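By convention in this document, chain letters (A, B, ...) are assigned in the order of the sequence lines, proteins followed by strands, and residues within each chain are numbered from 1. These numbers were taken from a predicted model, which means no experiment stands behind them.
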Amino acid sequence: MCLAIPGKVVSLEPTSDETNRPGKVSFGGILREVNFCFLPEANVGDYVLIHVGVALSKIDEKEAMETLKYLREMGELDELDPEEENSGE
Amino acid sequence: MNWIPKKRTAESNMKYLSEFRDAALVKTLLRNINKTVTGQWNIMEVCGGQTHGLVRHGILDMLPDKIRMIHGPGCPVCVTPVSLIDKAIELCLEHNVILCSYGDMLRVPGTEMSLQKARAAGGNVRILYSPLEAVDIAKKNPDRQVVFFAVGFETTAPANALSVMQASNLKLTNYSILSAHVMVPPAMEAIMGDKETQVHGFLAAGHVCTVMGLSEYEPLVKRWKMPVVVTGFEPVDLLEGIWLVISQLEKGEYQLQNQYKRVVSNQGNRQAVELVKKVFEYRNRDWRGIGEIPLSGLFLREEFREYDAAMKFKDIKVPEAVETECLSGDIMKGKIKPPECPHFGNKCTPEHPLGAPMVSSEGACAAYYQYKMQS
Ligand code: SF4
């Protein structure tokens with residue numbers, strides 16, 4: 001129940017109830033009702049993580065790209081390292 | 001309950017999943033781990049979700065022998081005391097309560113039976129994905145008491161607090177929760193305080209920090225002089241987390257690092273934490289197989305006691321707990337690996353579990369059983 005996978009916000013409904021801010025999230029095409037009251041900053045199109053029916057965080061695209069870029073560069077540097085190539089991985 | 005779409009192919013095409021399962025990046029990280037490691041290091045991943053990731057993606061077999069992963073107590077179902085399971089069973093069998101629970105809890109053995117058997121015996125047990133659904137059930141069944149079995153770590157606490165707030169706003173008198181909430185940092189403290197501990201560094205549970213932020217971990221890092229890296233759940237996340245921990249260990253450093261920045265911010269989700277603190281307070285809590293850990297449990301505050309099933313149904317008698325053959329305590333303290341339990345795979349299987357770790361979706365024994373026995 002602690003695990004969550006990223007889903008994309010498809011719709012958000014306006015509401016005045018602070019304990020209920022309904023929206024819909026798509027998980028690879030599977031739609032689910034989600035309560036957004038802890039994530040008022042979410043917008044349609046954002047990727048979010050949901051725990052037991054409640055949206056708790058937005059996925060920060062910039063951070064995700066930076067991590068991937070850094071790791072890819074690390075991989076490219078490895079390829080240039082002849083010692084490593086010889087170690088017969 | 002984890003909502004993982006059935007089809008793996010659909011899942012792996014999803015954004016922010018496939019990139020973090022990229023084989024080339026996995027290879028790069030493994031190469032760097034191999035290059036970095038010289039000492040013999042034990043790293044504990046606290047969260048059962050990460051244990052499953054490590055086993056399911058074959059990462060344990062890819063790591064160099066010098067690195068030993070110790071699987072921590074991060075399965076909330078596994079640490080829920082038997083007495084609470086017995087109480088839940090008693091509520092639905094003897095008190096006409098609609099007992100709502102996550103699916104994971106269903107097959108966990110209580111003293112005399114599991115919730116699944118209680119359901120077969122006529123108990124009204126409903127498997128839900130979210131406590132908010134239980135509030136709906138209470139709304140639709142005003143003549144029945146509805147109890148949600150609120151099991152979980154910091155990740156599920158906001159939703160449970162919210163369910164109590166909703167019930168309170170709706171003035172429902174037939175909704176309550178049986179709180180079995182436990183918190184991760186006190187457990188890490190207990191593990192480090194154990195003289196026999198062999199843990200050199202931690203992968204902290206990414207989703208727990210999504211809610212709570214990072215501030216609770218700084219004192220742990222300082223006090224125990226050990227690296228803690230907040231880590232995600234995909235293979236690239238897990239390997240990067242491991243790499244960051246051993247990089248620190250090799251240099252003799254200890255710091256708090258955040259591998260999972262795309263999801264976890266320093267301050268966590270303030271709105272969620274505020275509501276959790278409004279509804280719950282910290283008290284000592286008994287962890288099944290481990291014992292009492294100070295200030296590690298969430299209990300409903302005085303103002304919300306009418307939503308506290310433990311208060312509402314105070315006089316419920318539960319059967320006297322009996323000794324069990326399950327070694328879950330040793331598993332969760334990282335003293336043995338599941339296949340080292342003499343019952344693993346013979347006397348204890350998912351069909352006939354002796355303990356919770358064999359049937360919870362975050363249990364270590366279930367992880368080894370599913371991914372190792374079947375391959
Ligand atoms: S294999 Fe079964 S009996 Fe052994 S520790 Fe795991 S759950 Fe308990």
Side-chain angles (χ1 to χ4, degrees), chain A residues 1-8 17-22 25-30 32-41 46-79 81 83-85 87 89, chain B residues 1-5 7 10-11 13-17 19-20 22 24-25 27-29 31-32 34-35 47-49 52 74 76-77 102 104 129-133 151-153 155-156 158-159 162 165-166 169 205 207-208 210-211 233 236 240 259 261-265 269 271-272 275 361-362:
Chain A
M1 73 201 66
C2 299
L3 219 59
I5 57 169
K8 192 176 185 177
D17 178 355
E18 46 151 26
T19 63
N20 196 11
R21 188 167 178 252
V25 173
S26 161
F27 297 87
I30 300 164
R32 282 286 193 156
E33 289 273 354
V34 168
N35 190 326
F36 279 88
C37 68
F38 295 129
L39 208 64
E41 67 271 31
D46 285 345
Y47 279 82
V48 290
L49 283 182
I50 315 294
H51 286 93
V52 296
V54 177
L56 284 176
S57 61
K58 246 169 50 162
I59 298 191
D60 186 327
E61 190 135 8
K62 212 175 111 244
E63 290 289 357
M65 290 309 138
E66 263 170 36
T67 305
L68 292 168
K69 183 165 166 264
Y70 167 74
L71 293 175
R72 283 191 190 118
E73 281 169 3
M74 196 162 98
E76 281 158 24
L77 283 180
D78 275 350
E79 317 250 298
D81 186 347
E83 209 184 316
E84 196 52 37
E85 287 305 307
S87 73
E89 210 214 318
Chain B
M1 176 175 53
N2 291 333
W3 270 13
I4 294 178
K7 274 197 206 132
E11 189 191 337
N13 288 333
M14 279 170 67
K15 203 167 174 195
Y16 300 120
L17 281 180
E19 297 96 321
F20 290 90
D22 184 271
L25 295 184
K27 218 170 143 196
T28 299
L29 279 161
R31 205 188 320 220
N32 277 278
N34 275 302
K35 261 200 283 190
C47 168
H52 274 251
V77 170
Y102 298 123
D104 282 49
Y129 168 69
S130 164
L132 305 182
E133 296 166 354
V151 175
F153 284 113
T155 36
T156 55
L162 189 59
M165 271 331 268
Q166 287 188 347
N169 287 353
H207 290 153
V208 164
T210 302
V211 176
F233 297 80
V236 168
E240 193 185 8
Q259 180 279 329
K261 278 198 188 127
R262 69 181 184 280
V263 172
V264 175
S265 65
N269 187 322
Q271 275 126 316
L275 190 65
S361 68
E362 281 144 48

Original post:
How about E33(A) and L132(B): do any of their side-chain heavy atoms sit closer than 4.5 Å?
Top reply: no
Original post:
Quick one: are L56(A) and H207(B) in side-chain contact, heavy atoms under 4.5 Å?
Top reply: no
**OP:** Please confirm whether the backbone N or O of C37(A) pairs with a side-chain atom of Q271(B), one donor and one acceptor, at under 3.5 Å?
**Re:** no
Original post:
Of the listed residues (I59(A), V54(A), N20(A)), which shares the most heavy-atom pairs with chain B below a 4.5 Å separation?
Top reply: I59(A)
**OP:** Below 4.5 Å from any heavy atom of chain A, which atoms of A24(B) appear? Answer side chain, backbone, both or neither.
**Re:** neither
Original post:
Within a strict 4.5 Å, meaning less than it, do heavy atoms of the Y47(A) and R262(B) side chains meet?
Top reply: no
Original post:
Within 45 degrees of the axis of the six-membered ring of Y129(B) and under 6.0 Å from its centre: does R32(A) put its NZ or CZ there?
Top reply: yes
**OP:** Under 4.5 Å heavy-atom distance to chain A, tell me which part of V263(B) shows up: side chain, backbone, both or neither.
**Re:** both
Subject >> Backbone N/O of T19(A) and side chain of N169(B): donor-acceptor pair under 3.5 Å >> reply: no
Original post:
Going by heavy atoms in the side chains, are V264(B) and S57(A) under 4.5 Å from each other?
Top reply: no
Original post:
Among E61(A), K58(A), M65(A), K62(A), which residue forms the greatest number of heavy-atom pairs with chain B at distances under 4.5 Å?
Top reply: E61(A)
Subject >> Non-hydrogen side-chain atoms of M74(A) and L25(B) separated by less than 4.5 Å >> reply: no
Original post:
Under a 4.5 Å cut-off applied to non-hydrogen side-chain atoms, are T67(A) and F20(B) in contact?
Top reply: yes
